[in-house]
Amino acid sequence: MARYLLDRLLQSLIVLAMMSFVIYWLMGLMPGDPIDLMISADPKLTAQDAIRLRELYGLDRPITERYVNWLTAAIGGDFGFSRLHVKPVLTVLWPALGNTVILLGISFILSVLLALPAGIYAAIRQYTGTDYLINLAAFAGISIPSFWLALLLITLFSVILGVLPASGTETIGGLSSFWDSAKFLILPIATLTIASIGSHTRFVRAAMMETMRQDFIRTARAKGATEARVVWHHALRNALIPVVTILALDFGFLFSGALITETIFAYPGMGKLIFDAIMGNDFNLAMVAFMFATVLTLLGNLVADIAYGWLDPRISYGEGK
Amino acid sequence: MSTLAVQSKSQSTWALAGRRFLKHKLAVISGCYLIFICLLSASAPLFEFLLDIDANKANLFSRFTLPDLGAWLGRDELGRDVFVRMLYGGQVSLLVGLVTALVAATLGTIIGLIAGYRGGWLDAVLMRLTDSVISLPLLPLLIVLAAIDLSKTGLPETIIQSENISLYRIIFIVAVVGWTTVARLVRGAALSLRERDFVLAAQVQGASAFRIMSVHILPNLISPIIVATTLSIGNIILLESVLSFLGLGIQPPVASWGNLLTNAQELIFSAPWLAFYPGIAIFITVIAFNFLGDGLQDALDPKADV
């Protein structure tokens with residue numbers, strides 16, 4: 001187990017290192033470089049100044065050398081300054097991460113809490129009208145474009161009914177209170193929850209149906225266990241194993257959802273931060289935020305692997321992989 | 001008499017699959033809808049001609065007009081006809097979905113076949129690569145790829161200046177990250193197929209690795225590949241629409257269902273109905289592709305019940 005964990009950790013680190021180079025290289029291909037931006041900000045700069053600045057910042061160096069310099073500084077804890085926010089990158093990052101954790105955490109819990117009963121019910125009432133309806137709703141949830149869903153919710157609740165704010169985190173000029181902030185969270189959370197509940201329900205249903213076909217379920221029934229005991233005691237516990245894994249793997253998708261939702265609702269989280277940083281040529285911030293997102297996704301995968309073995313003692317990490 | 005009865009009952013696998021597919025009502029309806037929407041989108045120039053409309057011509061005197069006989073779905077913020085623009089947008093969105101899915105599936109099939117059939121270190125490297133791509137934050141990566149300045153990549157000027165460059169670009173970048181599902185699927189199946197007797201027989205006869213992969217292994221994998229590819233189209237259309245919505249995908253004046261929604265958020269107070277049509281078109285089309293994939297799965301792969 002320890003050996004396996006170490007292997008996986010090492011593998012994740014390699015992916016992360018490769019990823020950081022690829023992203024660094026891709027960022028270099030984005031339109032405009034830092035010196036161009038300085039020139040456009042200060043018309044008094046001459047062409048000679050630009051060349052001098054380029055040398056000063058090491059931008060005339062080959063990409064590999066620049067990357068190594070960036071990496072050395074980053075490992076030493078120096079992630080540079082954010083151009084857009086005019087602050088060290090990490091001071092911008094932490095509050096955004098906190099906001100995203102709140103948003104994603106609540107929607108994730110809501111989605112799972114709703115998907116579990118729906119998926120279980122659909123699985124044990126297979127091919128009935130209810131199963132059909134739940135399936136239909138799940139497919140609708142998977143297929144709806146989340147940005148359009150957000151627009152629909154804004155149209156309905158902010159424009160037509162006028163009961164909920166369309167964007168931001170608190171009423172401008174108002175007293176900040178828990179309820180005021182909560183009101184601003186309702187629509188983003190609803191968007192993210194609806195966007196992920198469909199696939200979650202289908203995971204649960206599929207896992208539950210698979211388990212209900214197993215021999216030990218037939219054995220439990222043959223021994224005279226009540227249907228409720230079969231479902232809750234025998235089937236659910238086994239069906240949860242793949243569900244937990246897939247939920248942990250789903251983290252990366254949730255992050256993509258956060259980017260869309262946060263951007264539309266002007267919610268200051270990691271998703272909006274990454275988007276704004278990329279669009280605003282804020283290389284340092286984009287780079288670090290991106291690596292953060294990758295680390296979180298890799299962690300999700302790692303947690304999925306560990307949870308799998310922990311929940312199902314039959315899986316051994318020794319041989320095979 | 002009896003032989004006749006038996007003969008009329010025996011059917012090919014494909015006929016059986018067809019029968020099973022027809023039982024999946026939602027999939028059949030979805031298939032019909034998709035054929036209809038493809039034909040309708042393809043006939044955009046015809047409607048333009050018949051209704052005497054120019055899809056790209058602005059007319060500021062008729063901004064935001066409601067639907068009437070001349071403009072079936074009304075006009076947008078520049079006074080352009082929404083209906084015809086929706087059809088042109090549909091052409092692009094459907095094209096991107098279908099072509100990207102095919103490119104990604106081809107890429108995934110090749111990688112999966114090589115990994116599964118060759119095995120060894122090549123398999124290890126290719127599968128670690130697959131794992132790595134899956135573990136990347138998809139949307140931020142696509143946004144970076146979509147924002148890249150192509151003149152810095154050393155591509156020929158003729159390609160960069162092309163009017164359809166945003167179309168090629170989105171097909172390329174989504175395919176680059178979208179091949180993993182098919183690759184894993186094909187690799188797993190190829191791994192077990194290569195141990196089978198008919199592959200051994202082919203090897204003994206001296207067939208080349210390429211021939212074994214393409215003639216003996218690939219045909220056995222075609223059903224799961226078709227299912228996975230169909231199921232991926234919906235996702236790709238969603239990705240295209242969100243990138244275009246963010247202003248990074250298909251660039252105006254070329255219309256797509258996604259970029260028709262780009263201004264929707266600003267117009268939400270003045271003309272909320274403009275945000276409705278493209279969104280509902282994406283929604284219904286994506287759900288139809290998902291139902292179609294589900295139906296194909298039931299029909300082609302009856303044992304898998306997911």
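Only heavy atoms go into these numbers, but all of them, side chains included; no hydrogens, no water, no symmetry mates. A note on names: the letters A, B, ... follow the listed sequences, proteins ahead of strands, and every chain is numbered from 1.
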Region of B/Phe276 that comes under 4.5 Å of a non-hydrogen atom in chain A: both
Residue among B/Leu142, B/Ile280, B/Asn235 with most heavy-atom pairs under 4.5 Å to chain A: B/Ile280
Euclidean distance, A/Arg202 CZ relative to B/Asp294 CG, rounded to 0.5 Å: 5.0 Å
Separation between CD1 of B/Ile148 and CH2 of A/Trp25, rounded to the nearest 0.5 Å: 6.5 Å
Distance-minimising heavy-atom pair for B/Phe245 and A/Ile264: CE2-CD1, 3.8 Å
Point-to-point distance, once rounded to the nearest 0.5 Å, from CG of B/Leu139 to CG of A/Leu259: 5.0 Å
Interchain contact, A/Phe292 with chain B, by part (heavy-atom threshold 4.5 Å): neither
Test item: A/Gln11 and B/Asp131 side chains (from C-beta on) under 4.5 Å apart, heavy atoms: yes
Option that, when pairs with chain B are counted at under 4.5 Å, heavy atom only, ranks first among A/Ile260, A/Ile154, A/Leu151: A/Leu151
Residue A/Ile144 versus chain B: region with a heavy atom under 4.5 Å: both
Under 4.5 Å from any heavy atom of chain B - which part of A/Leu26: both
Working for side chain to side chain contact (heavy atoms under 4.5 Å, CB included), residues A/Ile23 and B/Leu141: CA-CA 8 Å; A/Ile23 293 300; B/Leu141 182 65; 3.8 Å; yes
Portion of B/Leu248 that has a non-hydrogen atom of chain A nearer than 4.5 angstrom: side chain
Contact origin within A/Phe203 toward chain B - heavy atom pairs under 4.5 Å: neither
Heavy-atom pair of closest approach, residues A/Pro145 and B/Gly279: CG-O, 4.3 Å
Under 4.5 Å from a heavy atom of chain B, the part of A/Ser146 involved: neither
Geometric class of the A/Phe139/B/Phe291 ring pair [parallel <30°, tilted 30-60°, perpendicular >60°]: tilted
A/Ile142 versus chain B, the contacting section by heavy-atom distance below 4.5 Å: both
Heavy-atom closest pair, residues A/Ser143 and B/Leu238: O-CD2, 3.7 Å
Pairs of heavy atoms under 4.5 Å with chain B: top-ranked of A/Ala289, A/Ala293, A/Ala140: A/Ala140
Segment of B/Ile237 engaging chain A (4.5 angstrom heavy-atom cut-off): neither
Winner by heavy-atom pair count (cut-off under 4.5 Å) against chain A, out of B/Ala124, B/Gly234, B/Ser241, B/Gly258: B/Ser241
Among the listed options B/Leu129, B/Leu261, B/Val242, the residue most often paired with chain A at heavy-atom distances under 4.5 Å: B/Val242
Atom of A/Leu136, atom of B/Leu26 and distance for their closest heavy-atom approach: CD1-CD1, 3.7 Å
Engaged part of A/Ile274 at the chain B interface, taking heavy atoms whose separation is under 4.5 Å: side chain
Residue pair A/Trp148 / B/Ala275: nearest heavy atoms and the distance that separates them: NE1-O, 2.7 Å
